[in-house]
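Worksheet: one structure, shown below.
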Amino acid sequence: MDPFSKKLLEELEQMQQHTGRILRSMSLSRMMPMETEGWQPGVDIYESEANVYVYVELAGVMNDSLRVTVDGKRLKVSGLRQLPPHPSIARIHQLEIELGPFQRTLDLPAPVEVEGVESTYINGILRVVLPKRIRKGKVQIRIMPGE
């Protein structure tokens, strides 16, 4: 690749990163914080033969504020993220970290057994392992003759 094309590609990548930061900081939830649920953390959901795995990005959330509930079809994660108070602020240059209460309700891709759910919170990532509900046997459906 010639030097001009290489420099142009680098500039476009920098513009893409900068534009992404601008769009994140101008999200509707930031401009209109009227939602009662607050901000929403990022989530990844994976599925294996036996389990559903949910990873929630919660950097800076204190463990004792986290609440995880599951009803077999949905998972709800809620809590609170606060930063330490700043003694004297003269000017704000950048605000990207969302603070305050949050709640995220997720529809699970498969029914799960609520008794076997396990969760861990390490390095700002909440990991929830939900064992899938096992179907027990086959059911034969009797077909009634129509009129």
Inset, instruction - With the side chain counted from C-beta on, respond yes when Trp39 and Pro41 share a heavy-atom pair under 4.5 Å apart, and no when they do not. - result: yes
Inset, instruction - Look up atom NZ in Lys73 and atom CZ in Arg133, then write down how far apart they are to the nearest 0.5 Å. - result: 7.5 Å
Inset, instruction - Is it possible for you to say whether Leu126 and Leu108 belong to one hydrophobic cluster, with membership spreading through side-chain heavy-atom contacts below 4.5 Å? - result: yes
Inset, instruction - Output every pair passing ring pair (Phe, Tyr, Trp, His ring centres under 6.0 Å) with a member in residues 114-135, not counting sequence neighbours, ordered by first then second residue. - result: none
Inset, instruction - Could you point out which residue of Val128, Val70, Val77, Val129 forms a side chain to side chain contact (heavy atoms under 4.5 Å, CB included) with Ser119? - result: Val128
Legend entry - Atom pair OG1 (Thr19) and CD (Gln16), whose distance is rounded to the nearest 0.5 Å: 8.0 Å
Legend entry - Approximate separation, where rounding is to 0.5 Å, of Lys7 NZ and Asp2 CG: 13.5 Å
Inset, instruction - Taking the side chain as every heavy atom from C-beta outward, state whether Thr69 and Arg74 have any atom pair closer than 4.5 Å. - result: no
Legend entry - Nearest atoms (heavy-atom pairs only) where Pro131 meets Gly116: CD-O, 3.4 Å
Legend entry - Distance in Å, Thr120 OG1 paired with Ile125 CD1, rounded so as to fall on 0.5 Å steps: 10.0 Å
Legend entry - Glu11 atom CD: more than 12 heavy-atom contacts under 6.0 Å: yes
Legend entry - Gln14 CD to Leu12 CG distance, which is reported to the nearest 0.5 Å: 9.5 Å
Inset, instruction - Show the numbers, then the answer: is there a side chain to side chain contact (heavy atoms under 4.5 Å, CB included) between Lys76 and Arg104? - result: CA-CA 6 Å; Lys76 179 178 161 184; Arg104 186 79 192 259; over 6 Å; no
Legend entry - Hydrophobic cluster identity match, Tyr46 and Leu130, side-chain contacts under 4.5 Å: no
Inset, instruction - Quick one: pull up CD1 in Ile45 and CG in Leu75 and give me the separation to the nearest 0.5 Å. - result: 8.0 Å
Only distances under 3.5 Å count here; give the side-chain donor-acceptor pairs of residues 50-63 to other protein atoms, sequence neighbours excluded, each with its distance to 0.1 Å.
{"residue": "Asn51", "atom": "ND2", "partner": "Tyr53", "partner atom": "OH", "Å": "3.1"}
{"residue": "Tyr55", "atom": "OH", "partner": "Arg127", "partner atom": "NE", "Å": "3.1"}

Inset, instruction - Kindly say whether Leu80 contributes a backbone atom to a donor-acceptor pair with the side chain of Ser65 at under 3.5 angstrom? - result: yes
Inset, instruction - List the steps and the verdict of side chain to side chain contact (heavy atoms under 4.5 Å, CB included) for Lys132 and Glu47. - result: CA-CA 9 Å; Lys132 288 183 179 179; Glu47 183 177 357; 2.5 Å; yes
